[in-house]
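Below, each value reflects all heavy atoms present in this structure, side chains not excepted, and no hydrogens, waters or symmetry copies. We count ligands from 1, going down the list as the structure has it; atoms in each ligand are counted the same way. Keep in mind that this is a model prediction, so the values were computed, not measured.
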Amino acid sequence: MRTMQGRLIVFEGVEGCGKTTQIAYLRQWLEESGAVEQFVKAGKVSKLVTTREPGGTALGQEIRQLLLHSTTEQIQARTELLLYAADRAQHVEGVLRPGLADGALILCDRYTDSTLAYQGYGRGLDRALIDQLNQIATGGLESDLTLWLDVDVKIGLERARQRGIHDRMEQATLEFHQRVQQGFMELAQSFPQRIVRVDASLDEQAVANQIQAIVQQHLAKWYP
Ligand code: Z5A
């Protein structure tokens, strides 16, 4: 009898908080420490998967391009919200649900809290509308663990600027990104069982160490 149980770990935070970097660190640690191999051998996990929103599917990559790099006309806030929801619906049905059903341990760069923080706190769209759309897009699928990489907005934007890729969201005002940050803070306070804060102002290795400790604790609980 199969006892595999997939799990979804989400990384969230403001621009340049280090999600991409830390997903790579965590993946490497999970592989090199033998943690995943041990769970695979024990028949508890099928594989390790990394994915992201927007852009975790082929269609999602086209939506991502529209969202972040389209220059034809200004995207209205509700249009933006619907495009993120469409990307998510495709991702949940095509990647997350099948992966979890198959027993995968999934590391996902952004999920529903990003919509609450960016479109809700950032753009000022109605919270009830966003909750409803998140529900439609996910069918109620929540993360098992969300790591909020908490860094000062100015530090995050400076890191992103130094990296040198500029998208539409990145060019939004400092006040916009500060409202987004406030959003993540309030969400972490509202959902302490699901969202765990990580001090992302430290150097990469120190951030990775915090994340490993949190994930190790959760793995022990999920796969005793
Ligand atoms: N968005 C939305 O509005 N609504 C939604 O529902 C969803 C998304 C799902 C694209 O997301 C945009 O979509 C995003 C929110 C919006 N826009 N914004 N702003 P994304 O996740 O693909 O893009 P991003 O937030 O712009 O991620 P990013 O810029 O790639 O940042 P990151 O992945 O968090 O950081 P990083 O690439 O790992 O690191 C950035 C640089 O900092 C890099 O040069 C690193 O080497 C450096 N770095 C990383 N960690 C450190 C530490 N600890 N110290 C020093 N330097 C570091």
**Request:** Can you sort out which atoms of ligand 1 are near R88, meaning under 4.0 Å from one of its heavy atoms?
**Result:** 6 (O), 9 (C)

**Item:** pair E80-L67: side-chain heavy atoms closer than 4.5 Å
**Value:** yes

**Residue pair I211 / F11, side-chain heavy-atom distance below 4.5 Å** = yes

**Prompt:** Any nitrogen or oxygen of A160, main chain or side chain, under 3.5 Å from a nitrogen or oxygen of ligand 1?
**Reply:** no

**Message:** Under 4.0 Å from a heavy atom of L68: which atoms of ligand 1 are those, numbered in the order shown and with their elements?
**Reply:** 10 (C), 12 (C)

**Sidechain-backbone polar pair: S46 side chain, A104 backbone, donor-acceptor under 3.5 Å** = yes

**Prompt:** Parallel, tilted or perpendicular for F39 and Y223, by the 30°/60° rule?
**Reply:** tilted

**Asked** Will you find, in the side chains of N209 and Q205, an N or O donor that is under 3.5 Å from an N or O acceptor?
**Response** yes

**Request:** Test side chain to side chain donor-acceptor pair (under 3.5 Å) on T146 and S143 and set out the steps.
**Result:** CA-CA 6 Å; T146 294; S143 71; 2.7 Å; yes

**Asked** Which pairs, with at least one residue in residues 187-213 and sequence neighbours excluded, count as a salt bridge (Lys or Arg N to Asp or Glu O under 4.0 Å)?
**Response** D113-R194, D150-R197

**Asked** Do any heavy atoms of Q22 fall under 4.0 Å from ligand 1?
**Response** no

**Prompt:** Which atoms of ligand 1 sit under 4.0 Å from any heavy atom of T115?
**Reply:** 5 (C), 6 (O)

**Prompt:** Which atoms form the tightest heavy-atom contact between L8 and E142, and what is the distance?
**Reply:** CD2-O, 4.1 Å

**Message:** Under a 4.0 angstrom heavy-atom cut-off, which atoms of ligand 1 come close to R64?
**Reply:** 22 (O)

**Short N or O distance, V207 and ligand 1, threshold 3.5 Å exclusive** = no

**Request:** For side chain to side chain donor-acceptor pair (under 3.5 Å), just list the numbers for Q216 and Q212, CA-CA rounded to whole Å, side-chain angles, deciding distance to a tenth of an Å, and then say yes or no.
**Result:** CA-CA 6 Å; Q216 203 159 25; Q212 286 164 20; over 6 Å; no

**Message:** Does the residue Q162 have a heavy-atom contact with ligand 1, meaning some pair of atoms that are separated by less than 4.0 Å?
**Reply:** no

**Asked** Taking the six-membered ring for Trp, are F184 and Y118 parallel (under 30°), tilted (30 to 60°) or perpendicular (over 60°)?
**Response** perpendicular

**Request:** Show which atoms of ligand 1 fall inside a sub-4.0 Å distance from at least one heavy-atom site of R163.
**Result:** 28 (P), 29 (O), 30 (O), 31 (O), 37 (O), 44 (O)

**Asked** Which atoms from ligand 1 have a heavy atom of Q119 less than 4.0 Å away?
**Response** 2 (C), 3 (O), 4 (N), 5 (C), 6 (O)

**Complete:** Logged contact type for R110 with ligand 1, heavy-atom cut-off 4.0 Å, is side chain

**Request:** Could you list which atoms of ligand 1 come closer than 4.0 Å to a heavy atom of H177?
**Result:** 19 (N)

**Asked** Is there a nitrogen or oxygen of Y111 sitting under 3.5 Å from a nitrogen or oxygen of ligand 1?
**Response** no

**Message:** Heavy atoms only, cut-off 4.0 Å: how does V180 contact ligand 1, side chain, backbone, both, or neither?
**Reply:** neither

**Prompt:** Of all residues at least two apart in sequence or in a different chain, which pass the side-chain hydrogen bond (donor to acceptor under 3.5 Å, both in side chains) check with T72?
**Reply:** S70

**Check: E53 N/O within less than 3.5 Å of ligand 1 N/O** = no

**Item:** G13 heavy atom under 4.0 Å from ligand 1
**Value:** no

**Asked** If you count the atoms of ligand 1 from 1 in the order shown, which ones are under 4.0 Å from a heavy atom of E15?
**Response** 17 (N), 18 (N), 19 (N), 24 (P), 25 (O), 26 (O), 29 (O)

**Prompt:** With a 4.0 Å cut-off on heavy atoms, is L202 touching ligand 1?
**Reply:** yes

